[in-house]
Amino acid sequence: MRITVIEHEAEAGLGYLAGWLGLPCQVVRPYLGEEVPARPADGLIVLGGAAAAWEDERSPWQPATRDLLRRAVDEAVPTLAVCLGAQLLTMACGGTVERGGNGLEVGLCEVSALPAAASDRLLAGIGTAVAVQYHQDAMTRLPEGAVPLMTGARYPNQAYRLGEAAWAVQFHPEATPEIFASWTAESDLDAAEDLNTEVKAAESRLVAAWRPMAEAFAAVVRAGA
């Protein structure tokens, strides 16, 4: 039993998820020339990255990744799509992703559960929680049949479920304070130090909120294998 992981860049790896899932992960690194598989293993995780979901010339493996996501949804393979991954899933299944009209969402932000989350296999019980954000693009129209699960003040579409076993999250449940600090180090954000401090101070709350989600996803993978 294993999970296929699509990693778009070295600075955006599995982070917390590597320890929380408790399942072997086969990490595919197309930025190093590795080929995106035509089919996922027992589960699929597509991580974040700096490119926009439509910038195929910048990340030429994105069409294959969208195809992989579409197939996973069609075949009910348990899927967790994070930030760019969520946007690629949205585009792959007929939704719309575009440059966000409310600017960059970055740092520690609050996300809140919508009514459908109460019975969701991954997000039940989370309610309102803090999450790490770093994105400027937004999922402005969800795919047909998507069930919205979480929302936020700056951008409303923060998490949804599609089909039997695919979840998209705009935020970064995998991001450790160290990973987040590596992202701000490469930015020109004036408030980078303050943002890093806020994320570090919230580490215990981040773990408490998102570890159960990761463990629930692993349970879905095991049940479906």
Side-chain angles (χ1 to χ4, degrees), residues 3-9 12-18 20-21 23 25-30 36-37 39-56 59 61-98 105 111 117 120-123 131-135 137-152 155-175 210 213-214 216-218 220-221 224:
I3 297 173
T4 300
V5 177
I6 307 299
E7 180 185 279
H8 295 283
E9 54 191 63
L14 276 168
Y16 282 131
L17 296 180
W20 291 349
L21 291 167
L23 290 173
C25 292
Q26 179 187 13
V27 181
V28 180
R29 298 177 172 89
V36 174
R39 308 182 83 95
D42 303 294
L44 174 64
I45 294 174
V46 180
L47 296 168
W54 58 84
E55 289 183 321
D56 295 351
S59 300
W61 57 87
Q62 289 190 163
T65 304
R66 290 194 295 269
D67 288 345
L68 179 65
L69 284 160
R70 189 180 305 111
R71 169 163 276 179
V73 171
D74 289 344
E75 298 180 356
V77 176
T79 298
L80 178 62
V82 175
C83 197
L84 172 59
Q87 295 166 2
L88 289 168
L89 174 66
T90 300
M91 288 183 62
C93 296
T96 302
V97 180
E98 54 195 338
E105 184 171 40
V111 292
D120 185 72
R121 288 186 286 174
L122 264 58
L123 295 173
V132 170
Q133 301 271 16
Y134 206 134
H135 72 103
D137 302 333
M139 304 178 291
T140 54
R141 183 175 62 86
L142 300 184
E144 184 176 352
V147 179
L149 297 173
M150 301 203 80
T151 191
Y155 291 106
N157 291 320
Q158 289 293 334
Y160 69 85
R161 184 181 67 249
L162 185 63
E164 295 179 28
W167 287 267
V169 294
Q170 181 59 75
F171 49 91
H172 286 277
E174 87 290 359
W210 307 119
M213 185 194 75
F217 178 71
V220 172
V221 174

Exercise for review: Determine, step by step, whether Val77 and Arg39 satisfy the side-chain contact (heavy atoms from CB on, under 4.5 Å) criterion, reporting the C-alpha distance in whole Å, the side-chain angles of both residues, the deciding distance to 0.1 Å, and the verdict.
Suggested key: CA-CA 10 Å; Val77 176; Arg39 308 182 83 95; over 6 Å; no
Closest heavy-atom pair and its distance - [X], [Y]:
X      : Y      : value
Tyr16  : Ala175 : CE1-O, 3.4 Å
Gly13  : Glu174 : O-CG, 3.5 Å
Trp210 : Pro173 : CB-CB, 3.8 Å
Cys93  : Pro143 : O-CB, 3.4 Å
Ala214 : Leu17  : CB-CD2, 3.6 Å
Thr151 : Pro156 : OG1-O, 2.8 Å

Hey, are the side chains of [X] and [Y] touching, using non-hydrogen atoms and a 4.5 Å cut-off?
X      : Y      : value
Thr79  : Leu162 : no
Gln170 : Tyr155 : no
Arg66  : Asp56  : yes
Val82  : His172 : yes
Gln133 : Gln158 : yes
Met150 : Val169 : no
Met91  : Met139 : no
His8   : Ser59  : no

Looking at [atom1] of [X] and [atom2] of [Y], how far apart are the two atoms once the value is rounded to the nearest 0.5 Å?
X      : Y     : atom1 : atom2 : answer
Leu122 : Leu80 : CG    : CG    : 7.0 Å
Leu89  : Leu69 : CG    : CG    : 5.5 Å
Ile6   : Leu68 : CD1   : CG    : 5.5 Å
Leu84  : Leu47 : CG    : CG    : 9.5 Å
Thr90  : Gln87 : OG1   : CD    : 7.0 Å

Is [X] reaching over with its side chain to a backbone N or O of [Y], donor-acceptor style, under 3.5 angstrom?
X      : Y      : result
Arg161 : Ala117 : no
Gln62  : Ala52  : yes
Thr4   : Ala41  : yes

Review point. Does the side chain of Asp137 come under 3.5 Å of the side chain of Trp54 through a donor N or O and an acceptor N or O?
Key: no
Practice item. Can you establish whether the number of heavy atoms outside Glu164 located under 6.0 Å from its atom CD is more than 12? Key: no
Review point. Taking 4.0 angstrom as the limit, do Asp67 and Arg70 come out as a salt bridge?
Key: yes
Exercise for review: Look at the aromatic rings of Phe217 and Trp167 and report parallel, tilted or perpendicular, splitting at 30° and 60°.
Suggested key: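 Judged by the thresholds at 30° and 60°, the geometry between Phe217 and Trp167 is perpendicular.
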Practice item. Would you please test Ile45 and Leu21 for side-chain contact (heavy atoms from CB on, under 4.5 Å) and show each step? Key: CA-CA 11 Å; Ile45 294 174; Leu21 291 167; 3.6 Å; yes
